[in-house]
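Below is one structure; the comments refer to it alone.
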Amino acid sequence: MINDNDIIDTLEELEVFLRSVESGKLGLDNAAGIALATNNADGRPFIAVLDDNHQLLLGRWVTQEVYDNGKDLVRNAPQQRH
């Protein structure tokens with residue numbers, strides 16, 4: 001499920017989204033992974049929350065800039081702030 005109205009357009013917004021998924025704030029059951037991906041139909045980039053069967057639980061569109069520059073943030077998870 002990707003909501004067309006929810007577009008992540010900054011790395012800060014991406015970090016907030018990742019923290020929300022990791023903390024369970026979004027109430028997703030069986031969330032096993034997060035990945036940046038592109039839509040097969042039109043190449044539009046998005047962030048995907050996947051279950052342990054690699055099925056999409058939740059997605060948000062991201063800008064090309066976030067897609068290009070947010071890969072390390074997704075790969076390594078946001079670091080804890082002190």
Of all heavy-atom pairs between [X] and [Y], which one has the smallest distance, and what is that distance?
X	Y	result
D72	R75	OD1-NH1, 2.6 Å
W61	P45	CE3-O, 3.4 Å
I34	I47	CG2-CD1, 3.5 Å
V62	V66	CB-CG1, 3.9 Å

- line: When rounded to the nearest 0.5 Å, the distance separating CG of L14 from CZ of R19 is 11.0 Å
- prompt: Quick one: CD on Q55 to CG on D52, what's the gap to the nearest 0.5 Å?
  reply: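 One finds 10.0 Å between CD of Q55 and CG of D52.
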Assess whether atom [atom1] of [X] is packed by more than 12 heavy atoms of other residues, nucleotides or ligands within 6.0 Å.
X	atom1	value
D29	CG	no
Q64	CD	yes
K25	NZ	no

message: Set out, in order, the CA-CA distance, both residues' side-chain angles and the distance that settles side-chain contact (heavy atoms from CB on, under 4.5 Å) for I7 and T63, then state yes or no.
response: CA-CA 7 Å; I7 300 171; T63 62; 4.3 Å; yes
Are [X] and [Y] close enough that some pair of their side-chain heavy atoms sits under 4.5 Å apart?
X	Y	value
F46	I8	no
L58	F17	yes
E15	L73	yes
L56	V49	no
T10	E13	yes

- request: Mark yes or no for whether N39, through its side chain, and A41, through its backbone, hold a donor-acceptor pair below 3.5 Å.
  value: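 Present.
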- prompt: Do you reckon L26 sits in the same ILVMFWY cluster as V74, going by side-chain contacts under 4.5 Å, direct or chained?
  reply: yes
field: Joint cluster assignment, L36 & L28, ILVMFWY side-chain distance < 4.5 Å
entry: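 Result: yes, single cluster for both.
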